[in-house]
J.: 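My questions all concern the structure below.
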Amino acid sequence: MIEEKRLVTEMSEKKEAVVSSTEQVNTYRAQRLENMEKLAALGYKPFGRAWPRSGRLTDIRARFEEGKKVAVAGRLLTIRDIGKAVFADIYDGSDRFQIFVKRDRLSETAFQAFKLLDLGDHIGVEGELFVTRRGEQSIIVENWEMLSKALLNLPEKWHGLQDTEERYRKRYLDLIANPESRDRFNKRIAIMREIRAYLDARGYQEVETPMMQPQAGGAAARPFTTHYNALDATMFMRIAPELYLKRLLVGGFDKVYEIGRNFRNEGLDRTHNPEFTVLELYEAYGDRLSMKAVIEGLIPAVAQKVLGTLKMVMPTADGESEEIDLTPPYREVAYKDLVREKMGKDWFNLDDNEARKRAEAAGVEVDDEMNHLLITPEIYDKLIEKTLRQPTFVIRLPKQFVPLAKTCEDDPELVDVFEFVVGGKELCPGYTENNDSLEQRIRFTEQVGENQERLDEDFLTALEHGMPPAGGLGIGLDRLVMLLTGTDVIRDVILFPQLKQRS
RNA sequence: GGGGGUGUAGCUCAGUCGGUAGAGCAACUGACUCUUAAUCAGUGGGUCCACGGUUCGAGCCCGUGCACCCCUACCA
């Protein structure tokens, strides 16, 4: 008892200072501090240590057995005090569970101390499993311990945390207060695990390549810049792992993948976060078709395993929702056929002037400078892509789209790639990779123009040692999670999305 | 970048015509030994996002700024 009193009276000056100076000083916090001291005086130290559990609450529920002694822990979410007994719910991240504190089942001190607890406090309890008259599985508490004092209030128990900004800035509160948010992230974790399990089982090896690179290559995007003090050198956060994974193909890895973060120095909106997670995969001696096989195997396998169904429900722009069926095989259609379907069989025979007229008639804005080559992609982006709701491989794309891929054998103006489109949005490109080291050198040199120092000479050298023919693909995993969890906001599938600093 | 919306108690939200700031949950006091959004009685709680302006008087009207949301544009 003496020791506990010391805890109260000899609280270090530093702690005293924190107690009084924290910006969040308010009456709630003051009350909680007072309760904390009262508890300490009764022998309950506010910030406890390890509390061995006989299981997580979800396990306790799964292996429920009346009369069994258990030890569990969790955060108090609700308290229903009915005088000489108290019901409360605790949450340990796995499940909520009701505990029952009955005056005649524990010491007077332990009972009185329990009444000093606040919502949000972490406690450990020991007791016996039983079922209430209303049929709820519960624990009757025989002993309990303070594990962590909460000095600040939880969000409202019924409505949860609604303010979108607060949900992103204080994700920890969102996770406590909104079960559907926690559930969505549990699914994300499961999706990641199943992707790895699927690929690992088929002989793909997961690798890690640099996120800080002297040149940021592999995609057309502005990189974030950083500085390496020891070398006094400018470094870039990667915009894609592609060029390193291809080095590994040269080095003899024949089936590799990487799951990791890309960083792009761009704006943010409901489908873009500046750092986002991708799966990039390469398979030596493969091509576009082997990548198609990976997609048609991986996506349904993950959906089935994690969600138990291949029928997704996605919100649409008009506030309705639609069903998306992930059962393979998926539709495959040539880019030009889609355009002809929309704009007429003779579309590609029109001259620029006629094409402009017809495009405008279809509701696409084009200016006088635009020729056929520029109008067609505009048609695709504005009119066609959004209509591809069910999973679709768009193949045989114009070379201008993907200059680094291999051309189609029967048409040098088209590249042998696909864009995998679901719900009207591109989810994933798949390529027959170009392994022609001389052509790559020419293209890279053209691309960097005057800035020859940006040429990734090391990569080009690697290619000249010979890269096997290969198929490659990249899936934006945040967007895959959006598809599989039926959400249309990327911030809802990223634990800590990027937000502006608040002063 | 352009247009629209939102910002009020710890949380969820009302706030009429410009005239003393409201409810539910949470909190505090009391009652209650099977409650589960516990119930019942009572009490306290506000930088109305920030700064400036109009006015005798501003949560409300005007201006500027900040953050978030939606639409749109840009970007892959």
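Residue numbering restarts at 1 for every chain, and letters A, B, ... go by the order of the sequence lines.
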J.: Got more than 12 heavy atoms from elsewhere within 6.0 Å of CD, A/E208?
T.: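 Check fails, neighbour count at 12 or below.
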J.: Rounding to the closest angstrom, what is the interatomic distance between B/rA27 and B/rG3 at atom C1'?
T.: 43 Å
J.: Do A/M312 and A/E322 make a side-chain contact, defined as non-hydrogen atoms from C-beta onward lying under 4.5 Å apart?
T.: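 No, side chains not in contact.
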J.: Rounded to the Å, how far apart are A/L116 CG and B/rC28 C1'?
T.: 13 Å
J.: On a whole-Å scale, what distance lies between the P atoms belonging to B/rA21 and B/rC49?
T.: 15 Å
J.: Applying ring pair (Phe, Tyr, Trp, His ring centres under 6.0 Å), name anything that partners A/F100, two or more places apart in sequence or on another chain.
T.: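 A/F100 satisfies ring pair (Phe, Tyr, Trp, His ring centres under 6.0 Å) with A/F87, A/F130 only.
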J.: To the nearest Å, how far apart are A/D121 CG and B/rA27 P?
T.: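 For the pair A/D121 CG and B/rA27 P, the rounded distance is 11 Å.
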J.: For A/Q390 and A/R331, does a side-chain donor sit closer than 3.5 Å to a side-chain acceptor?
T.: no
J.: Return the nucleotide paired to B/rG24: Watson-Crick means purine N1 to pyrimidine N3 with N6-O4 or O6-N4, wobble means G-U with N1-O2 and O6-N3, both under 3.5 Å.
T.: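 Pairing partner: B/rC11.
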J.: Residues two or more places apart in sequence or in another chain: which of them pass salt bridge (charged side-chain N to carboxylate O under 4.0 Å, His left out) with A/R247?
T.: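 Expected list: A/D456, A/D458.
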J.: B/rC71 P sits how many Å from A/H272 NE2, rounded?
T.: 14 Å
J.: Both distances below 3.5 Å, Watson-Crick or wobble geometry, any strand: find the nucleotide opposite B/rU54.
T.: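 Across all strands, not a single nucleotide pairs with B/rU54.
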J.: My understanding is that a pair needs two contacts under 3.5 Å, Watson-Crick or G-U wobble. By that rule, which nucleotide pairs with B/rC40?
T.: B/rG30
J.: Suppose you measure atom P in B/rC17 against the same atom in B/rC13; what distance do you get, rounded to whole Å?
T.: 23 Å
J.: A/Q162 side chain: which of B/rC75, B/rC74, B/rC13 is closest?
T.: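 Of the options given, the side chain of A/Q162 lies nearest B/rC13.
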J.: Taking a pair as Watson-Crick or G-U wobble with both distances under 3.5 Å, which nucleotide is matched to B/rA73?
T.: none
J.: Rounded to whole angstrom, note down the C1' distance from B/rU47 over to B/rU35.
T.: 40 Å
J.: Using the P atom as the point on both nucleotides, what is the distance between B/rA58 and B/rG5, in whole Å?
T.: 25 Å
J.: Rounded to whole Å, please give me the gap between CZ in A/R264 and P in B/rA76.
T.: 9 Å
J.: Applying the Watson-Crick and G-U wobble criteria at under 3.5 Å, what pairs with B/rU16? Answer none if nothing qualifies.
T.: none
J.: What interatomic distance, in whole Å, is found between P of B/rA14 and the corresponding atom of B/rU54?
T.: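 My reading of the P atoms in B/rU54 and B/rA14 gives 32 Å.
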J.: Determine whether more than 12 heavy atoms belonging to other residues, nucleotides or ligands lie under 6.0 Å from atom NZ of A/K68.
T.: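 For A/K68, atom NZ is crowded (more than 12 foreign heavy atoms under 6.0 Å).
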J.: Considering only nitrogen or oxygen atoms on both sides, find all protein atoms under 3.5 Å from nucleotides 68-70 of chain B and state each distance.
T.:
unit_1	atom_1	unit_2	atom_2	d
B/rC68	OP1	A/K500	N	2.9
B/rC68	O4'	A/E165	OE1	2.9
B/rC68	O2'	A/T164	OG1	3.3
B/rC69	OP1	A/R491	NH1	2.1
B/rC69	OP2	A/R491	NH1	3.0
B/rC70	OP1	A/R270	NH2	2.9

J.: Which part of the nucleic acid, if any, lies within contact of A/L161, taking any heavy atom under 4.0 Å across all strands shown: a base, the sugar-phosphate backbone alone, or nothing?
T.: sugar-phosphate
J.: For A/D95, is there an ion pair with A/R56 - N to carboxylate O distance below 4.0 angstrom?
T.: no
J.: Tell me the interatomic distance from A/Q31, atom CD, to B/rG45, atom P, rounded to whole angstroms.
T.: 12 Å
J.: For the P atoms, the ones on B/rG30 and on B/rU16, what distance do you get once it is rounded to whole angstrom?
T.: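 Result for the P pair: 39 Å, nearest Å.
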J.: When you check the gap from the basic side-chain N to the acidic O, do A/E258 and A/R238 get nearer than 4.0 Å?
T.: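 Between A/R238 and A/E258 there is a salt bridge, with a charged N closer than 4.0 Å to a carboxylate O.
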J.: Taking atom types as they are modelled, is there a donor-acceptor pair under 3.5 Å from the base of B/rU35 to the side chain of A/Q98?
T.: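 Per atom types, the contact qualifies.
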J.: Any side-chain donor paired with an acceptor under 3.5 Å for A/Y282 and A/E280?
T.: yes
J.: If you look at every strand shown and take non-hydrogen atoms under 4.0 Å, does A/A220 touch a base, only sugar-phosphate, or nothing?
T.: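 It contacts sugar-phosphate atoms only.
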J.: According to the ring-ring contact (aromatic ring centres under 6.0 Å, His included) rule, which pairs have a member within residues 152-182 of chain A, sequence neighbours left out?
T.: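 Residue pairs passing ring-ring contact (aromatic ring centres under 6.0 Å, His included), neighbours aside: none found.
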J.: Which protein N or O atoms sit under 3.5 Å from an N or O of nucleotides 22-26 of chain B?
T.:
unit_1	atom_1	unit_2	atom_2	d
B/rG24	N2	A/E156	OE2	3.4
B/rC25	O2'	A/E156	OE2	3.4
B/rA26	OP1	A/K157	NZ	2.8

J.: Just how far, in rounded Å, is C1' of B/rA76 from CD of A/E242?
T.: 13 Å
J.: Both distances below 3.5 Å, Watson-Crick or wobble geometry, any strand: find the nucleotide opposite B/rG45.
T.: none
J.: Rounded to whole angstrom units, what separation is found between the CG atom of A/D174 and the C1' atom of B/rU12?
T.: 15 Å
J.: Are A/N35 and B/rC28 close enough that a side-chain N or O sits under 4.0 Å from OP1 or OP2?
T.: yes
J.: In a check of salt bridge (charged side-chain N to carboxylate O under 4.0 Å, His left out) between A/R188 and each of A/D183, A/D492, A/D478, which one passes?
T.: A/D478
J.: Roughly how far apart, to the nearest Å, are B/rG45 and B/rA23 at atom P?
T.: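 Per the computed distance, 12 Å lies between those P atoms.
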J.: Verify whether one side chain among A/K406 and A/N435 offers a donor that lies under 3.5 Å from an acceptor in the other.
T.: yes
J.: Using whole Å, report how far CG of A/N178 lies from P of B/rC11.
T.: 14 Å
J.: If you count every heavy atom of other residues, nucleotides or ligands that lies below 6.0 Å from A/K425 atom NZ, does the total exceed 12?
T.: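 Open: at most 12 neighbouring heavy atoms sit under 6.0 Å from NZ of A/K425.
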J.: Using a 6.0 Å cut-off, check whether atom NZ of A/K115 has over 12 heavy atoms from anything other than its own residue.
T.: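 Above 12, so yes.
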J.: Tabulated below should be each protein N or O lying under 3.5 Å from an N or O of nucleotides 32-34 of chain B; please produce it.
T.:
unit_1	atom_1	unit_2	atom_2	d
B/rC32	N3	A/G83	N	3.4
B/rC32	N4	A/G83	N	3.4
B/rU33	N3	A/D104	OD2	3.4
B/rC34	O2	A/R133	N	2.9

